[in-house]
Amino acid sequence: MRIHEYQSKMMFSRYGIPIPNGRVASTASEARQIAEELGVRVVVKAQVLVGGRGKAGGIRLAKTPKEAEELASTILGMDIKGLPVRKVLVDEAISINKEIFLSITNDRDTCQPVMIASEAGGIDIEEVASRMPDKIIKVYIDPLLGLHDYQARDIAAGIDLPHVSWKSFSSVARGLWRAFWENDATLAEINPLVVTQDHKLVALDGKVIFDDNAMFRHPDQVEMRDQDVDTPSETSARKYGLSYVKLEGQIGCIVNGAGLAMATMDIIKLFGGEPANFLDIGGGASADKVAAAFRLVAADANVKVVLINIFGGITRCDEVAHGLLLALSELKSPIPVVVRLAGTNSDEGLRLLADAHIITAETFVEAAQKATAVVVKRGEG
Ligand code: GDP
Ligand code: MN
């Protein structure tokens, strides 16, 4: 999960990394108020989860609070690379002497965290890497030992940082390491880390990505999620603990277990159909989870038929059937449903469904054939 610049910088600040004074605003008048409080020239920055905001006009300098209000009003109405701007960060403007790139990520080749730095900061680091590879310094970090002072000094020397700034650089580098490590991040990046006219270091931009698989250890991260960037279906899937990926086909799939979900997509293709989604409802799926899954799939306008393929182990097939009947009675959906239930309480489940005139199937192959037949019959195959 990626968080916004303002959230990243607030986190950096807790690890002793200097950031500009400033606050986030959702309205233009709030932006004006923040600029008034700061009492200096400010930058107004679009908070969207994409890079290159500067080039897209999402970062503007304001000399007066009135100008900050006007710029905020423009930026808050913008779309940057398809994402609407809902918040702006109003920061005191900093006079820049030098822009540095400083980042930590996991290196897959060495299976270690790596700190990457460059004196060519501010711009696209991929561009630096391809045009001036010698301008990139890498230092590998042993997570048990952390970042050593000598490593931070090596980087400072490598990026030609004036000696007066080495000590503060060490402190920023160590702070970034701790922020990365203690929060189970997969990326913690400052671009640019600027050297000011008076040799101070300030993190002007921040980008942090957390490892979704470690989020259960960090309740504070869950609260940082920006609901605005997720589609309603993704938000709903997360709420019910469903793994859902939307695809382009017409056969909606509701399956328990990731492996079975993949196999279901394969077999749909085998019989000439296209899956509309990947959806794993997980083990021990309760009736309300199944109902939520059905609502999710049925909300996709492309879906012409829903294939439900459940192998009951911990999951009870009668419970799945109840969930489905619940969803169907609630939605009154005209979408045909093909169900294959096997395993725990499958007989009871199938009987419940047959009574409700739902297409049932004994085997996996039969289910896939029946589902693809619906699409083909409608001339959509
Ligand atoms: P990005 O384009 O999304 O990466 O946004 P950044 O926050 O990195 O800003 C892009 C560029 O705008 C920076 O590299 C700086 O050159 C410039 N910039 C951002 N904040 C300030 C500031 O406070 N003062 C000055 N002079 N330039 C700034
Ligand atoms: Mn940047």
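Counting starts at 1 for both ligands and their atoms, in listed order. Residue indices begin at 1 and follow the sequence shown.
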Can you tell which of V42, L204, V48 gets a heavy atom nearest to atom 19 (C) of ligand 1?
L204

Shortest reach to atom 3 (O) of ligand 1 by a heavy atom, considering only E189, R53, E92
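The nearest heavy atom belongs to R53.
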
Could you tell me which non-hydrogen atom of V374 sits nearest to which non-hydrogen atom of K304, and how far apart they are?
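Closest approach of V374 to K304, heavy atoms only: CG1-O, 4.2 Å.
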
Once you round to the nearest 0.5 Å, how far does SG of C253 lie from CG of L279?
8.5 Å

Looking at CG of L176 and CG of L102, how far apart are the two atoms once the value is rounded to the nearest 0.5 Å?
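L176 CG to L102 CG: 5.5 Å, rounded to 0.5 Å.
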
Is it true that [Y] and [X] share a donor-acceptor pair across their side chains at a distance under 3.5 Å?
{"X": "H218", "Y": "D184", "result": "yes"}
{"X": "N309", "Y": "T264", "result": "yes"}
{"X": "Q151", "Y": "Y140", "result": "no"}

Between K45 and ligand 1, which part of the residue brings a heavy atom under 4.0 Å of the ligand: side chain, backbone, both or neither?
side chain

How does N191 reach ligand 1, by side chain, by backbone, by both or by neither, if only non-hydrogen atoms under 4.0 Å count?
backbone

Where is the nearest protein heavy atom to [atom]: which residue, which atom, and how far?
{"atom": "atom 27 (N) of ligand 1", "result": "I96 CD1, 3.4 Å"}
{"atom": "atom 26 (N) of ligand 1", "result": "I94 O, 3.3 Å"}
{"atom": "atom 12 (O) of ligand 1", "result": "I59 CG2, 4.3 Å"}

Taking [Y]'s backbone N and O only, do any of them form a donor-acceptor pair with [X]'s side chain (distance below 3.5 Å, no angle check)?
{"X": "K332", "Y": "S329", "value": "yes"}
{"X": "E182", "Y": "A179", "value": "no"}
{"X": "T64", "Y": "E67", "value": "yes"}

For residues 43-56, please give each side-chain donor-acceptor pair under 3.5 Å, one per line with the distance, not counting sequence neighbours.
| unit_1 | atom_1 | unit_2 | atom_2 | d |
| --- | --- | --- | --- | --- |
| K45 | NZ | E5 | OE2 | 2.7 |
| K45 | NZ | L204 | O | 2.9 |
| Q47 | OE1 | E5 | N | 3.4 |
| Q47 | OE1 | Y6 | N | 2.9 |
| Q47 | NE2 | E5 | OE1 | 2.9 |
| Q47 | NE2 | K45 | O | 3.2 |
| R53 | NH1 | E5 | OE1 | 2.7 |
| R53 | NH1 | A46 | O | 2.9 |
| R53 | NH2 | E5 | OE1 | 3.3 |
| R53 | NH2 | D205 | OD1 | 3.2 |

Output the list of atoms in ligand 1 that are nearer than 4.0 Å to some heavy atom of [X], sorted by atom number.
{"X": "G54", "result": "2 (O)"}
{"X": "D205", "result": "1 (P), 4 (O), 5 (O), 6 (P), 7 (O), 8 (O)"}
{"X": "A93", "result": "23 (O)"}
{"X": "G52", "result": "2 (O), 3 (O)"}
{"X": "E99", "result": "13 (C), 14 (O), 15 (C), 16 (O)"}

I would like to know whether E69 and S29 meet side chain to side chain contact (heavy atoms under 4.5 Å, CB included); could you show each step before the answer?
CA-CA 6 Å; E69 182 172 13; S29 64; 4.1 Å; yes

Taking N or O atoms only and a 3.5 Å limit, does [X] qualify as a polar contact for ligand 1?
{"X": "V50", "answer": "no"}
{"X": "K55", "answer": "no"}
{"X": "L61", "answer": "no"}

Each residue besides L270 in its hydrophobic cluster should be listed here, by chain and number; the cluster joins Ile, Leu, Val, Met, Phe, Trp and Tyr at side-chain heavy-atom distances under 4.5 Å.
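Traced through the cluster, L270 reaches V255, L260, I267, F271, F311, F364, V365.
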
Going by side-chain hydrogen bond (donor to acceptor under 3.5 Å, both in side chains), name the residues that satisfy it together with R60, two or more places apart in sequence or in a different chain.
none

Around the Mn ion (ligand 2), how many protein N/O/S atoms fall inside 2.8 Å?
2

Heavy atoms, side chains only, cut-off 4.5 Å: are I94 and P20 in contact?
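Answer yes - side chains close enough.
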
Under-4.0 Å protein heavy-atom contact, atom 21 (C) of ligand 1:
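For atom 21 (C) of ligand 1 the answer is yes, since some protein heavy atom falls inside 4.0 Å.
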
Can a protein heavy atom be found under 4.0 Å away from atom 17 (C) of ligand 1?
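Neighbour list for atom 17 (C) of ligand 1 is empty of protein heavy atoms (cut-off 4.0 Å).
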
